[in-house]
Undergrad: 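Take this structure first; my questions come after.
What you see is a predicted model; the values in this text were computed from it and never measured. The first residue in the sequence is number 1, and the count goes up from there.
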Amino acid sequence: MKRFKFRFDAVEKVRRNREQQVLRLLGASQRDLEAAQARKRKLTERLATALAAREKIGLQSAYPADFGISTDFIQGTKQRIIQADGAIARAKRALEKATRVYLIARRQLRAIETLREKHHEEWKRERSKKEQKELDDLVIMRSFYLKGAEG
């Protein structure tokens, strides 16, 4: 009996490879988003530390330049936090896009897998019919043989 042969094996292989490629891109997008969020957390922590340090400058006798440097650092950190927010927004958009592309690729692969399953079920039914026909033919032949041996 012939083995099952799916005629869209090449298409299935291409779609499976495409899904894996898109899945890797999705993972990279998730890592980019996490990195952007981690960068913002670090900047926020540095801002909190700088604000606390500037408050301490006022309690001690210090040079006015120290206060100015601290203020400039705080303003720069706030600007970097705003930039980090923009990077997070871009990373979220990229992640959403990668998710949509992955879902499309997954749907396309699932369609081929469903087609394969249907073809396999049909092949099994056909094989079963052929086997049943062969068995019926054997029973009929045996019946004729036994009748011929008796008569």
Undergrad: About how many Å separate CG of Asp66 and NZ of Lys56, when rounded to the nearest 0.5 Å?
TA: 14.5 Å
Undergrad: What is the minimum heavy-atom distance between Ile88 and Leu33, and which atoms define it?
TA: O-CD1, 3.8 Å
Undergrad: If I take atom NZ from residue Lys97 and atom CG from residue Leu95, how far apart are they, to the nearest 0.5 angstrom?
TA: 12.5 Å
Undergrad: Shortest non-hydrogen contact from Thr77 to Leu43?
TA: CG2-O, 3.5 Å
Undergrad: Please determine whether a side-chain nitrogen of the Lys or Arg among Glu113 and Arg16 lies less than 4.0 Å from a carboxylate oxygen of the Asp or Glu.
TA: yes
Undergrad: Please find the pair of heavy atoms, one from Arg24 and one from Arg31, that lie closest to each other, and give the distance.
TA: O-NH2, 4.5 Å
Undergrad: Do you know which two heavy atoms are closest between Glu19 and Ala105, and how far apart they sit?
TA: CA-CB, 4.2 Å
Undergrad: Give a yes or no on this: more than 12 heavy atoms of other residues, nucleotides or ligands lie within 6.0 Å of atom CZ of Arg54.
TA: yes
Undergrad: Rounded at 0.5 Å granularity, tell me how far CZ in Arg107 sits from CD1 in Ile112.
TA: 15.0 Å
Undergrad: Hey, could you give me the CD/OH distance between Gln20 and Tyr102, rounded to the nearest 0.5 Å?
TA: 8.0 Å
Undergrad: Between Leu109 and Arg106, does a side chain to side chain contact (heavy atoms under 4.5 Å, CB included) hold up when you go through it step by step?
TA: CA-CA 5 Å; Leu109 178 61; Arg106 181 68 194 137; 3.3 Å; yes
Undergrad: Are side-chain heavy atoms of Arg46 and Phe73 found at a separation under 4.5 Å?
TA: yes
Undergrad: Which value, rounded to the nearest 0.5 Å, describes the distance between His119 atom NE2 and Thr114 atom OG1?
TA: 11.0 Å
Undergrad: Between Trp123 and Glu126, is the side chain to side chain contact (heavy atoms under 4.5 Å, CB included) condition met? List the steps.
TA: CA-CA 5 Å; Trp123 177 80; Glu126 290 295 322; 5.7 Å; no
Undergrad: Run Val101 and Leu25 through side chain to side chain contact (heavy atoms under 4.5 Å, CB included) and show every step you take.
TA: CA-CA 10 Å; Val101 170; Leu25 292 175; over 6 Å; no
Undergrad: Under a 3.5 Å cutoff, is there a donor and acceptor pairing between the side chains of Asn17 and Gln21?
TA: no
Undergrad: Does the pair Glu134 and Leu138 meet the rule for a side chain to side chain contact (heavy atoms under 4.5 Å, CB included), with working shown?
TA: CA-CA 6 Å; Glu134 288 173 3; Leu138 283 174; 5.6 Å; no
Undergrad: Give me the atom names and distance for the closest heavy-atom approach of Ser29 to Ala98.
TA: OG-CB, 3.7 Å
Undergrad: Identify the residue among Arg125, Glu131, Lys129, Lys130 that makes a side-chain contact (heavy atoms from CB on, under 4.5 Å) with Arg127.
TA: Glu131
Undergrad: Are Leu51 and Ile81 joined in one hydrophobic group, where the rule is that I, L, V, M, F, W and Y side chains link up if heavy atoms are under 4.5 Å apart?
TA: yes
Undergrad: Which atoms form the tightest heavy-atom contact between Gln108 and Arg15, and what is the distance?
TA: O-NH1, 3.0 Å
Undergrad: Which distance, rounded to the nearest 0.5 Å, do you find between the CD1 of Ile74 and the OG1 of Thr49?
TA: 10.5 Å
Undergrad: Could you walk me through whether Glu121 and Lys118 pass the salt bridge (Lys or Arg N to Asp or Glu O under 4.0 Å) check?
TA: CA-CA 5 Å; Glu121 288 299 319; Lys118 287 180 181 178; over 6 Å; no
Undergrad: If you define the side chain from C-beta out and look only at heavy atoms, does anything of Ile82 sit under 4.5 Å from Gln79?
TA: yes
Undergrad: Could you go step by step and tell me if Lys133 and Asp137 meet the salt bridge (Lys or Arg N to Asp or Glu O under 4.0 Å) rule?
TA: CA-CA 6 Å; Lys133 185 178 183 287; Asp137 288 346; 3.6 Å; yes
Undergrad: For Ser128 and Lys124, indicate whether the former's side chain and the latter's backbone hold a donor-acceptor pair under 3.5 Å.
TA: no
